[in-house]
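All remarks here apply to the structure that follows.
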Amino acid sequence: MTSSPPSPASAADRTPSPGTAASQGPADRRRWFALAIVMTAAFMDLVDVTIVNIAIPSITRDTGASFTSIQWITAGYALAFAAGLITGGRLGDIYGRKRLFLIGIGGFTIASALCGFAVNPEMLVASRILQGGMAALMVPQVLSIVHATFPAHERGKVFGLFGAIVGLGAVSGPLLGALLTEWNLFGLEWRPIFLINLPVGIAGLLLGRAFISESKAPKALRLDLAGVALVTLGLLMLLYPLTRGRELGWPLWGHVSMAASLLVFAALVVFERRKAQRDGSPLIELSLFRVKSFAAGTAVQLTFGVALGIFFLVWTLYLQMGLGWSPLRAGSTGIPFSVAVSCAAGVSVQKLVPRFGRKVLQAGALLMITGLLLYIGEAGRHGLDITPWQMTPPLVVMGVGMGLIVAPLTDAVLSEVPKQHSGSASGLINTVQQMGTALGLGLVSVIFFGSVGDSLPPEAAGPAFVDAFQRSLWWVAGVLAVIFLVMFALPARPRTHLEGGEDDAAPAVAGKTAKELSPAG
């Protein structure tokens, strides 16, 4: 639900080099300009995730994109982001966070331009993958720069501002996408949702060079490019046949590829174990999985990402391609959900979790299931005549449930992780959640499009989409039921401050919440 995961380096390594703003004292006003720049970049990434789903029907009509292309327009970004997230953070620690931030925001801007001027679905998919890869360079630097730039006593105020940016992005992304698509500026239809990044990105690049101070980790870990390659290969071998299998008639090579992906992941485990013994710098710190709460928590993150990846894509397709609603009507329908998530998240962390612990997260899963069942009932009862007001109650129930989960989940997962591995753990759980989202988007081919079919007469399209949407919600409810059970392995009372202390907790928690508070996952 995602926008600024923390750098995977440990908090202890996030120390500014000589000349950074933190070392110059709190009186240095330049750091506030730097904050505005990096927060704008985080906002741009968050909005870019949420803005795309609402424009998918317009993209389909304009480019003739197939169902498979639709999936890869969303899943390609998530996959590239997930695969490069830990590496992006580590590159910043080694070569400088300012340098990697500027490279990332410049590449993100170029990729946005390529998306906006794409001449066919293939170019759009490739540009979205590039955009996700550039976001993986840019986003991990945001909170690392904040941590290196601001003294400890000012970070609470900073992360409060960051939370406000998250909430604003969660609500404004779908609305901005709906307005830009609806207005059809200069006859460009959906393209302005990407082109709007150009002036923002160029301004961020120029101002970032002037106001952001450089910082590096004094003892950065080495890169694990082989680990990144194995992770990416395994995911591609799993997701590509999953998304194209139905379209191609489920060929034998697809089944072989999906089965072989398990061997690739097994090879990854063996390689990472040996690399940890050899130089102590694996991509994945396997010893973390000996911690019961962390192992269970990453399972929750993965399956939660699957659930959200499925829901938000099929929801958009249902509203616009099934019910025939305009982008603006569809986008505004999600406002009650976003508001409910933001409100419940604040109450969950501040009031409920300190008193009731793990039960709050489990209550959130049950509320989300309840909301899904209500939505299934409303969709079946009203069919094509359903209104946004009739959708509001189930969306609010779902939003409250999601808010109870996303904000305290990182605390619960990291509460028993040793201090020296806190940075690696926080980076890993963000990566796992993004991988789950990509997997969920891939499963849409089976769960949703498998029910719709390829060639439907116009009069049958609406009812088919309504039926496929209801079937998909049953799948999401089932995944959430599994999450509820796995949550029993989380600590009954997660500690409030993590990663070795109060100062170090905020980046991980804030980074996690940013992605998950958005309605795109």
Write down the atom of [X], the atom of [Y], and the distance for their closest heavy-atom approach.
X      : Y      : answer
Leu404 : Ser348 : O-OG, 3.2 Å
Pro140 : Ala135 : CD-O, 3.8 Å
Gly442 : Leu239 : CA-CD2, 4.5 Å
Ala80  : Gly132 : CB-C, 3.9 Å
Leu384 : Gly322 : CD2-O, 3.8 Å
Ser326 : Gln320 : C-OE1, 4.4 Å

pair [X]-[Y]: side-chain heavy atoms closer than 4.5 Å:
X      : Y      : result
Leu372 : Pro394 : no
Trp325 : Pro388 : yes
Leu308 : Met402 : yes
Ile405 : Ile483 : no
Val406 : Phe304 : yes
Leu317 : Phe449 : yes
Phe194 : Leu180 : no
Leu79  : Leu441 : no

Item to check | Verdict with reasoning, Val466 to Gln470, per side chain to side chain contact (heavy atoms under 4.5 Å, CB included) | outcome: CA-CA 6 Å; Val466 172; Gln470 291 176 275; 3.8 Å; yes

Item to check | Glu189 side chain to Ala55 backbone, donor-acceptor under 3.5 Å | outcome: no

Next on the checklist: Between Arg191 and Ala118 (side chain of the first, backbone of the second, donor and acceptor by atom type, cut-off under 3.5 Å), is there such a pair?
Outcome noted: yes

Atom [atom1] in [X], atom [atom2] in [Y]: separation rounded to 0.5 Å?
X      : Y      : atom1 : atom2 : value
Leu361 : Leu366 : CG    : CG    : 11.0 Å
Leu198 : Phe108 : CG    : CZ    : 10.5 Å
Ile73  : Thr63  : CD1   : OG1   : 6.0 Å
Leu176 : Thr181 : CG    : OG1   : 9.0 Å
Ile335 : Leu395 : CD1   : CG    : 11.5 Å
Thr298 : Leu288 : OG1   : CG    : 9.0 Å

Do other residues, nucleotides or ligands put more than 12 heavy atoms under 6.0 Å from the [atom1] atom of [X]?
X      : atom1 : value
Leu352 : CG    : yes
Arg471 : CZ    : no
Trp475 : CH2   : no

How are the rings of [X] and [Y] set to each other: parallel, tilted or perpendicular (split at 30° and 60°)?
X      : Y      : answer
Phe484 : Phe488 : perpendicular
Trp72  : Tyr240 : tilted
Phe311 : Trp315 : parallel

Checklist entry - Are the ring centres of Tyr375 and Phe469 closer than 6.0 Å? => result yes

Item to check | Steps toward side chain to side chain contact (heavy atoms under 4.5 Å, CB included) verdict (Leu313, Phe448) | outcome: CA-CA 10 Å; Leu313 179 55; Phe448 185 82; over 6 Å; no

Item to check | Steps toward side chain to side chain contact (heavy atoms under 4.5 Å, CB included) verdict (Arg128, Asp48) | outcome: CA-CA 10 Å; Arg128 282 286 286 170; Asp48 205 72; 3.1 Å; yes

Checklist entry - Between Leu323 and Arg329, is a side chain to side chain contact (heavy atoms under 4.5 Å, CB included) present by the stated rule, with each step listed? => result CA-CA 11 Å; Leu323 301 180; Arg329 189 180 187 188; over 6 Å; no

